[in-house]
Amino acid sequence: MIPVLALVGRPNVGKSTLFNRLTKSRDAIVADFAGLTRDRHYGQGRSGKHEYIVIDTGGFEPDASAGIYKEMAKQTQQAVAEADVVLFVVDARAGLSSQDHDIANYLRRLGKPCLLVANKAEGMREGMHLSEFYELGLGEVLAVSAAHGQGIQSLTELALEPLNLPDDEEEVPIDTSLIKLAVAGRPNVGKSTLINTWLGEERLVAFDMPGTTRDAITVPFERDGQKFELIDTAGLRRKGKVFEAIEKFSVVKTLQAIESANVVLLLLDAEQGVTDQDAHIAGFILESGRAVVVAINKWDAVDEYQRQLVMRSIETRLPFLKFANLHYISAKKRQGLGPVWSSIAQAHRAAMCKMTTPLLTRLLLEAVQFQSPQRGGMFRPKLRYAHQGGMNPPVIIIHGNSLEHVTDTYKRFLEGRFRKAFNLAGTPLRIEMKTSTNPFADRDA
């Protein structure tokens with residue numbers, strides 16, 4: 001089993017910076033802003049031959065009784081329960097606080113291995129400035145600087161030391177069958193609620209306030225023998241609504257999550273209908289070439305009239321997603337979720353579809369025989385053969401003469417023929433035209 005290290009502490013002590021340093025990544029959003037991290041965030045790191053998992057958590061208030069801070073405290077408590085070793089992070093420059101005492105009391109009661117880490121200790125004398133932290137009763141104080149990388153190696157070795165890890169560990173092969181599934185949509189449409197329903201636990205903070213999720217959170221999941229990597233993304237707002245620098249970072253993380261996914265589940269809100277922002281998100285998914293499934297959440301909360309309006313708005317605002325399967329669901333009541341998984345699997349198969357050159361060429365010639373492209377000037381485009389140029393999304397490259405005159409209408413006609421032949425539901429399909437060059441064009445007469 002890979003050991004698990006949980007980072008715990010009050011807000012703005014540098015837990016996310018330490019997370020990035022331990023995982024040698026930039027997966028956690030970092031800014032000089034208290035309370036930025038809310039969900040628990042997983043990452044992988046390595047020290048020598050030993051791998052480990054790090055959990056980043058939000059600012060911990062053990063006695064929080066209401067609101068978002070109560071939800072964040074539940075996330076931290078769950079992370080501590082999952083961890084083998086807890087790294088309690090304090091701020092060496094700000095000094096000891098009453099909240100540090102509350103957290104220390106909570107950790108002492110658990111009796112779990114814990115290291116007291118004084119962050120932001122660059123350029124400071126250890127003895128004088130760190131002596132006050134000994135009154136927390138958690139043993140030796142380890143001075144580190146996550147921002148500058150000081151003391152990180154020693155911290156990792158001390159954290160792994162009590163676990164008695166074997167010297168030789170078998171390398172785990174990379175699972176190429178893993179499906180990366182990103183759940184994207186506007187704020188407060190129920191993305192975290194949906195993932196929690198799938199997992200059967202409150203894995204992500206789900207709170208009735210837009211913008212609760214600020215980072216792209218990755219969760220491993222397995223269903224019917226198929227391994228998934230669920231990515232809960234921060235809700236995307238219109239540019240004019242992104243006032244906080246933090247939310248701008250979140251938008252970047254969301255777009256990166258969409259680009260790195262194999263399949264994107266676009267979640268819409270039945271109560272609010274399809275907005276311009278939904279169309280912007282759908283457009284970005286299409287531009288990224290990701291396979292997509294559309295689900296309308298909170299379907300149980302609207303009447304028949306509102307349902308008709310939603311279905312009509314989908315036809316008018318999202319006509320470019322006609323290839324995607326559409327589902328009406330209720331994440332909270334677990335309604336309509338089974339068919340969504342079937343569409344996700346179908347979309348992934350379509351995105352990874354392998355198309356042979358002989359079959360593509362035969363389908364192309366049959367399409368030309370059924371309907372020839374329009375003449376462009378003196379010449380009619382001649383489509384000679386086709387081959388596959390890529391996957392996720394599938395790319396079909398067509399070779400011939402005068403192909404610059406092929407109209408968009410005719411390309412859509414070819415796309416429809418290819419989609420039907422290969423059952424490409426749920427994925428964009430890109431068709432590229434390559435005109436053969438005349439080898440004698442540059443020769444002098």
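Because only heavy atoms are used, hydrogens play no part in the values below, and waters and symmetry mates are left out as well, while side chains stay in.
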(message) Pair Leu360, Phe418 - check side-chain contact (heavy atoms from CB on, under 4.5 Å), show working.
(response) CA-CA 8 Å; Leu360 282 174; Phe418 289 131; 4.0 Å; yes
(request) Nearest 0.5 Å please: distance from the OG atom of Ser154 over to the CG atom of Leu142. (result) 8.5 Å
(message) Test your reading of the model: is there a side-chain donor-acceptor pair from Arg290 to the backbone of Asn392, 3.5 Å cut-off?
(response) yes
(message) My understanding is that only residues two or more places apart in sequence, or in another chain, count here; which of them pass salt bridge (Lys or Arg N to Asp or Glu O under 4.0 Å) with Arg21?
(response) none
(request) Test salt bridge (charged side-chain N to carboxylate O under 4.0 Å, His left out) on Lys411 and Glu415 and set out the steps. (result) CA-CA 6 Å; Lys411 287 181 182 178; Glu415 179 180 338; over 6 Å; no
(request) Of all the heavy-atom pairs spanning Ala146 and Gly14, show the shortest one and how long it is. (result) CB-O, 4.5 Å
(request) Report yes if some heavy atom in the side chain of Leu107 is under 4.5 Å from a heavy atom in the side chain of Lys112; otherwise report no. (result) no
(request) First locate atom NZ of Lys354, then atom CD of Gln388, and finally report the distance between them rounded to the nearest 0.5 Å. (result) 9.0 Å
(request) Could I get the full list of side chain to side chain donor-acceptor pair (under 3.5 Å) partners for Gln272, not counting sequence neighbours? (result) Arg186
(request) Report yes if the side chains of Asp276 and Arg317 come closer than 4.5 Å at any heavy-atom pair, otherwise no. (result) yes
(message) Holding to salt bridge (Lys or Arg N to Asp or Glu O under 4.0 Å), I want the full list of residues that pass it with Lys180, two or more places apart in sequence or in another chain.
(response) none
(message) Run the side-chain contact (heavy atoms from CB on, under 4.5 Å) test against Asp224 and tell me which residues pass, sequence neighbours left out.
(response) none
(request) Please check if the side chain of Asp278 supplies one atom and the backbone of Thr275 the other of a donor-acceptor pair under 3.5 Å. (result) yes
Report, one line per pair, each donor and acceptor closer than 3.5 Å where one atom sits in a side chain of residues 331-338; sequence neighbours left out.
{"unit_1": "Lys333", "atom_1": "NZ", "unit_2": "Asp300", "atom_2": "OD2", "d": "3.4"}
{"unit_1": "Arg334", "atom_1": "NH1", "unit_2": "Thr197", "atom_2": "O", "d": "2.9"}

(message) So, taking the atom named CG in Leu138 and the one named CG in Leu115, what distance separates them when rounded to the nearest 0.5 Å?
(response) 9.5 Å
(request) Give, for atom CG of Leu286 and atom CD1 of Ile281, the distance between the pair rounded to the nearest 0.5 Å. (result) 14.0 Å
(message) Could you check whether any side-chain heavy atom of Leu160 comes within less than 4.5 Å of a side-chain heavy atom of Pro3, counting everything from C-beta outward?
(response) yes
(message) For the CZ atom of Phe221 and the CD1 atom of Ile179, what is their distance to the nearest 0.5 Å?
(response) 11.5 Å
(request) Not counting sequence neighbours, list each pair that qualifies as a salt bridge (charged side-chain N to carboxylate O under 4.0 Å, His left out) and has a residue in residues 134-145. (result) none
(message) Once side-chain hydrogen bond (donor to acceptor under 3.5 Å, both in side chains) is applied, what residue pairs with a partner in residues 424-433 remain, sequence neighbours excluded?
(response) none
(request) Take Ser145 and Glu122, measure what side chain to side chain donor-acceptor pair (under 3.5 Å) needs, and give me the verdict at the end. (result) CA-CA 6 Å; Ser145 173; Glu122 63 273 11; 2.8 Å; yes
(request) Sorted by first residue and then second, give each side-chain hydrogen bond (donor to acceptor under 3.5 Å, both in side chains) pair with at least one member in residues 307-316; sequence neighbours left out. (result) Glu304-Gln308
(request) Only one of Asp91, Asp102, Asp100 passes side chain to side chain donor-acceptor pair (under 3.5 Å) with Arg10; say which it is. (result) Asp100
(request) Report the C-alpha distance between Ile396 and Met355 in whole Å, list the side-chain angles of each, state the deciding distance to 0.1 Å, and finish with yes or no for side-chain contact (heavy atoms from CB on, under 4.5 Å). (result) CA-CA 9 Å; Ile396 297 176; Met355 299 172 280; 4.0 Å; yes
(request) Might you point out which heavy atoms bring Gly185 and Leu266 nearest each other, and give the distance in Å? (result) CA-CD1, 4.4 Å
(message) Is there a salt bridge (charged side-chain N to carboxylate O under 4.0 Å, His left out) between Arg46 and Glu51? Walk through the geometry before answering.
(response) CA-CA 4 Å; Arg46 175 183 287 272; Glu51 292 185 348; 2.7 Å; yes
(request) Identify the two heavy atoms, one from Gly283 and one from Phe320, that lie closest to each other, and give their separation to 0.1 Å. (result) N-CE1, 3.9 Å
(request) Could you tell me which non-hydrogen atom of Gly273 sits nearest to which non-hydrogen atom of Gln306, and how far apart they are? (result) N-NE2, 4.3 Å
(message) Any heavy-atom pair between the side chains of Thr57 and Lys15 that's under 4.5 Å?
(response) yes
(message) In the structure I gave you, are the side-chain heavy atoms of Val54 and Leu7 within less than 4.5 Å of one another anywhere?
(response) yes
(request) State, without any angle test, whether Gln153 and Glu157 hold a side-chain donor-acceptor pair at a distance under 3.5 Å. (result) yes
(request) Could you tell me which residues satisfy ring pair (Phe, Tyr, Trp, His ring centres under 6.0 Å) with Tyr328, sequence neighbours excluded, listed by chain and number? (result) Trp299
(message) Restricting to side chain to side chain donor-acceptor pair (under 3.5 Å), what partner residues turn up for Thr357, sequence neighbours left out?
(response) none
(message) Going by the rule side-chain contact (heavy atoms from CB on, under 4.5 Å), which residues pair with Lys434 if we only count those two or more places apart in sequence or in a different chain?
(response) Ile397, His399
(message) What I'd like to find out is whether the side chain of Ile296 reaches to under 4.5 Å of the side chain of Ile314, using heavy atoms alone.
(response) yes
(message) Determine whether a donor-acceptor pair (N or O, by modelled atom type, separation under 3.5 Å) exists between the side chain of Asn119 and the backbone of Val13.
(response) yes
(request) State, with a plain yes or no, whether a side-chain heavy atom of Leu414 is found less than 4.5 Å away from one of Ile431. (result) yes
(request) Could you check if a side-chain atom of Leu87 sits within less than 4.5 angstrom of a side-chain atom of Leu22, using non-hydrogen atoms only? (result) yes
(request) Mind checking side-chain contact (heavy atoms from CB on, under 4.5 Å) for Glu271 and listing every partner two or more places apart, or none if nothing turns up? (result) Asp269, Lys298, Ala301, Val302
(request) Could you tell me which non-hydrogen atom of Ala425 sits nearest to which non-hydrogen atom of Ala350, and how far apart they are? (result) O-CB, 3.6 Å
(message) I need the Ile195 CD1 to Ile231 CD1 distance, nearest 0.5 Å.
(response) 9.0 Å
(request) List the steps, then state whether side-chain contact (heavy atoms from CB on, under 4.5 Å) holds for Thr76 with Tyr106. (result) CA-CA 12 Å; Thr76 302; Tyr106 171 79; over 6 Å; no
(message) Please tell me whether Trp341 and Phe228 form a close aromatic pair, meaning their ring centres lie under 6.0 Å apart.
(response) yes
(request) Kindly determine whether Asn262 and Leu181 satisfy side-chain contact (heavy atoms from CB on, under 4.5 Å), including the steps that lead there. (result) CA-CA 6 Å; Asn262 302 122; Leu181 173 63; over 6 Å; no
(message) So which atom in Val310 and which in Ala270 form the shortest heavy-atom distance, rounded to 0.1 Å?
(response) CG2-O, 3.5 Å
